[in-house]
Amino acid sequence: MKVTASVLFLITVVPVLSACVASTTIQTPLGFTMMVIDIPCKDVVNSIPTNLKKRNIVSVWINENEGLLSVGPVTDNAESGSAYSRIRHTYQLSITCGGELSTNITGKAALEGLNAHNKWKPITDVQTVEQVALEFIRSLDL
């Protein structure tokens, strides 16, 4: 399912980091909202978990009525020259309808990098988090 999708970058990037109580994983608010237009919101919402399942990516509805979806972890090779060999990322997505034919996707991401000592370390650089998250959101091919 392909549509015209636009990514709106918020004027301010929220630099506040919040940590989960039960975990050392740091979640960073995404500094963008992805909008999908001209397709019924219900279809977009339903397609996201289906798309993730086809790609063998775990997703669980935290609260389906409120559009909160937990995704991941997803593990990828890091870019050449990175301090990490692999990057693991998880998301808490907020998927909301802005009308019958408009869907907004935003949320929080948590990244970890596998260092030279084979240990996962949190990545808290907002620019890196947003770059990896934006690539992931675009990979949903909405």
>> What's the separation between atom CD in E100 and atom NZ in K42, rounded to the nearest 0.5 Å?
In response: 10.0 Å
> Can you tell which of K119, K121, R88, R86 makes a side chain to side chain contact (heavy atoms under 4.5 Å, CB included) with L114?
Replying inline: R86
>> Please tell me whether L52 and I95 are part of a single hydrophobic cluster in this structure, the criterion being side-chain heavy atoms less than 4.5 Å apart.
In response: yes
>> When you compare the side chain of R55 with that of L140, does any pair of heavy atoms fall below 4.5 Å?
In response: yes
> So L142 and N51, side-chain contact (heavy atoms from CB on, under 4.5 Å) or not? Walk me through it.
Replying inline: CA-CA 9 Å; L142 302 172; N51 176 303; 5.7 Å; no
>> Working note: S59 + K53, criterion side-chain contact (heavy atoms from CB on, under 4.5 Å); need CA distance, chi angles, decisive distance, verdict.
In response: CA-CA 8 Å; S59 68; K53 185 175 182 177; over 6 Å; no
> Between CE of M34 and OG1 of T103, what distance do you get to the nearest 0.5 Å?
Replying inline: 10.0 Å
> Any chain of hydrophobic side-chain contacts (each under 4.5 Å) joining L101 to I37?
Replying inline: no
>> Looking at every heavy atom in both G99 and C41, which two are closest together, and how far apart are they?
In response: O-CB, 3.9 Å
>> Rounded to the nearest 0.5 Å, what separates atom CD1 in I137 from atom CD1 in I105?
In response: 6.0 Å
> Out of curiosity, Q92 CD to K108 NZ, how far, rounded to the nearest 0.5 Å?
Replying inline: 6.0 Å
>> With a 4.5 Å cut-off on side-chain heavy-atom distances among I, L, V, M, F, W and Y, is there a chain of contacts connecting W120 to V74?
In response: no
>> Parallel, tilted or perpendicular, judged at 30° and 60°: which one describes the rings of F136 and H89?
In response: perpendicular
> Taking all atoms of both residues into account, what is the closest heavy-atom pair of I39 and V44, and its distance?
Replying inline: CG2-CG2, 3.7 Å
>> Can you tell me if E135 has over 12 outside heavy atoms packed within less than 6.0 Å of its CD?
In response: yes
> To the nearest 0.5 Å, what is the distance between CD (E64) and CG (N46)?
Replying inline: 7.5 Å
> Among the clusters formed by ILVMFWY side chains lying less than 4.5 Å apart, do V45 and L68 turn up in the same one?
Replying inline: no
>> Let me confirm one number: the CG-CH2 distance from L69 to W61, rounded to the nearest 0.5 Å.
In response: 5.0 Å
> What are the two closest non-hydrogen atoms of V129 and A109, and how far apart are they?
Replying inline: CG1-CB, 3.8 Å
